[in-house]
2 protein chains.
Amino acid sequence: MTTDNSNSSSTEFSDPIDAVRPDDLRLEKFLPYRLSVLSNRVSNAIADAYSARFDLTIPAWRVMAILGRFPNLSAADLVEQTAMDKVAISRAVSILIKNDYITRSEDLADRRRQVLNLSPLGRDVYDRIVPLAQQYENDLMGSLSAEERGQLDSIIEKLMTRAQDWANRGLID
Amino acid sequence: MTTDNSNSSSTEFSDPIDAVRPDDLRLEKFLPYRLSVLSNRVSNAIADAYSARFDLTIPAWRVMAILGRFPNLSAADLVEQTAMDKVAISRAVSILIKNDYITRSEDLADRRRQVLNLSPLGRDVYDRIVPLAQQYENDLMGSLSAEERGQLDSIIEKLMTRAQDWANRGLID
DNA sequence: TAAAATTGGTTTCAATTGTAACCACTGCTG
DNA sequence: CAGCAGTGGTTACAATTGAAACCAATTTTA
């Protein structure tokens, strides 16, 4: 019920704002901008929560989130799973090891690889951080209807694919 | 259906998380994570385009986007319009002045303020950048149906509001 | 009307992040 | 096998970003 001002999607300007040049860009309606603001707000809030309670950065938390589900991964495996790059992983891992949240052991079969796992302490933290994360997620999702949640899911998927295409081939024009 | 019976506002944690291990968290379904990945992909692609063609960073571009629509703003006005902070604005402005994309003049009424405007060159660049930005936006939106575009608009609005609430009051728990 | 507090904006310094170079090891090719 | 390309991971260094201190002009207030 709160939702509607009329259909705000299309591009009609009957603006009161006199003499708006036809091709001005309205930043506040520009999707890349809005995504960026939204994502930053969300990430900052969560980053604060994690760092205050567990002394964890977001990259480090991501690594833990993956290791909690999938034991015995290497750094390279983490790169695959997290959309983070090698360097970020390497730094996150070294922090986590310093905190005794994860353990690192050599892979005997391939002495370049290191097998990573949550330590008992790390598992502990993981078990406490996951509900916190879920709380944030639920709170966020709680502002949407069940229907909207479904829509959002599929919309993000589509946008993600398109943006990925850009990275691969660039914007075609 | 799944996620809520608790009205999102309330503060009840009656969770029997005593002996029960929390569910694993699936990072790839976690909204904050997905937003972050999506936003980064989009921003990076666009940042590359801008910097390659106009030697502009995203913050600088944002400042131009606003000044193109609203002349005679001060840095403080820009802070209001862009969700960027003072420092970022100050840096963007100084780059833009160095490039001769904008002009800065003293406000006689208040000698702390500086009135900013696009220079003729800046207006020129603006007129070329806006269509490029719109092309990206259209391409992104092109992956959605008209209906989805409307849904996305209102969903973002809601999420934005919720995330803003966090910033103000923190997650209530 | 002289402090004191506020506002506009910049500078400084530390922390974060990205890029490239790098070392150690593996695996292939000849 | 020797040599060389590729992989796993870290290090070094530059660029970006954020937080706090700061200067100058303005407003408040006692």
Side-chain angles (χ1 to χ4, degrees), chain A residues 36-37 39-41 43-48 50-52 55-63 66-67 72-99 102-117 167, chain B residues 36-37 39-41 43-48 50-52 55-63 66-67 72-99 102-117 167:
Chain A
S36 162
V37 173
S39 168
N40 286 338
R41 275 191 196 168
S43 291
N44 290 338
I46 296 185
D48 288 351
Y50 293 168
S51 79
D55 192 30
L56 277 184
T57 62
I58 292 226
W61 141 249
R62 285 183 184 170
V63 166
I66 297 293
L67 285 179
N72 297 316
L73 297 188
S74 68
D77 297 331
L78 288 171
V79 168
E80 261 191 62
Q81 301 278 329
T82 56
M84 296 162 60
D85 73 47
K86 306 164 85 162
V87 178
I89 294 285
S90 170
R91 297 200 252 240
V93 163
S94 89
I95 288 174
L96 289 170
I97 288 182
K98 202 173 326 179
N99 292 359
I102 68 175
T103 63
R104 170 160 58 185
S105 55
E106 295 225 330
D107 181 339
L108 302 173
D110 180 343
R111 287 181 18 255
R112 293 167 305 183
R113 294 182 104 239
Q114 321 186 131
V115 181
L116 304 171
N117 276 293
Chain B
S36 160
V37 172
S39 168
N40 285 339
R41 276 191 194 168
S43 290
N44 289 338
I46 295 185
D48 287 352
Y50 292 169
S51 79
D55 191 30
L56 278 183
T57 63
I58 291 224
W61 141 249
R62 285 182 184 170
V63 167
I66 298 293
L67 285 179
N72 298 316
L73 298 187
S74 69
D77 298 330
L78 288 170
V79 168
E80 262 191 61
Q81 299 279 328
T82 56
M84 297 162 58
D85 72 46
K86 305 165 88 165
V87 179
I89 295 284
S90 169
R91 297 201 252 243
V93 163
S94 90
I95 290 175
L96 288 170
I97 287 181
K98 202 173 327 179
N99 292 359
I102 69 175
T103 63
R104 170 160 57 185
S105 53
E106 294 223 331
D107 182 338
L108 302 174
D110 182 341
R111 285 175 26 253
R112 293 168 306 183
R113 296 180 101 240
Q114 323 186 129
V115 181
L116 304 170
N117 276 293

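The interatomic distance linking B:L116 (CG) with C:dG9 (C1') rounds to 11 Å, in whole Å. Nucleotide C:dT10 holds its P atom 12 Å from the CG atom of B:L96, rounded to whole Å. Atom CZ in A:R62 sits roughly 10 Å away from atom P in C:dT17 (whole-Å rounding). Taking atom CG of A:N40 as the reference point, atom P of C:dT16 lies 16 Å away to the nearest angstrom. Following rounding to the nearest Å, B:I89 (CD1) and D:dT17 (P) show an atom-to-atom distance of 13 Å. Between the C1' atom of C:dA15 and the CD1 atom of A:I58 lies a distance of 16 Å, rounded to the nearest Å. In this structure, B:M84 atom CE and D:dT16 atom P are separated by 13 Å, rounded to whole Å. Taking atom CG of residue A:D110 and atom P of nucleotide C:dT26, one finds them 6 Å apart after rounding to whole Å.
At a cut-off of 3.5 Å, with distance as the only test, a side-chain donor of A:S74 or A:R113 sits close to an acceptor on the other residue.
Side-chain N or O atoms of B:N40 include one that pairs as donor or acceptor with a backbone N or O of B:S36 at under 3.5 Å. Checked by atom type and distance alone, the side chain of B:N117 pairs as donor or acceptor with a backbone atom of B:N72 at under 3.5 Å.
Look at B:R111 and you won't find any side-chain N or O under 4.0 angstrom from OP1 or OP2 of D:dT27. For D:dG9, the OP1/OP2 oxygens have a side-chain nitrogen or oxygen of A:S74 closer than 4.0 Å. Distances shown here put every side-chain N or O of B:S90 at or beyond 4.0 Å from the OP1 or OP2 atom of C:dG9.
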Show every donor-acceptor pair shorter than 3.5 Å between a side-chain atom in residues 85-96 of chain B and any protein atom, with sequence neighbours excluded, or say none if there are none.
unit_1: B:D85; atom_1: OD1; unit_2: B:V87; atom_2: N; d: 2.7
unit_1: B:D85; atom_1: OD1; unit_2: B:A88; atom_2: N; d: 3.0
unit_1: B:S94; atom_1: OG; unit_2: B:R91; atom_2: O; d: 3.2

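Across B:T103, B:D77, B:L73, B:L67, a single residue satisfies side-chain contact (heavy atoms from CB on, under 4.5 Å) together with B:L116, and that is B:L67.
With DNA chain D read from its 5' end, the first of the two nearest nucleotides for A:A75 and B:A88 is the one closest to A:A75. Mapping A:R91 and B:D77 onto DNA chain C by nearest heavy atom places B:D77 closer to the 5' end of the strand. In this structure, A:R104 and B:T57 both approach DNA chain D, and ranking their closest nucleotides by distance from the 5' end singles out A:R104. The residue among A:P59 and A:D107 whose nearest nucleotide of DNA chain C lies closer to the 5′ end is A:P59.
Out of C:dT26, D:dA19, D:dT26, the shortest distance to the side chain of B:V87 is found at D:dA19.
At a cut-off of 3.5 angstrom, the base of D:dT7 holds at least one donor-acceptor pair with the side chain of A:R112.
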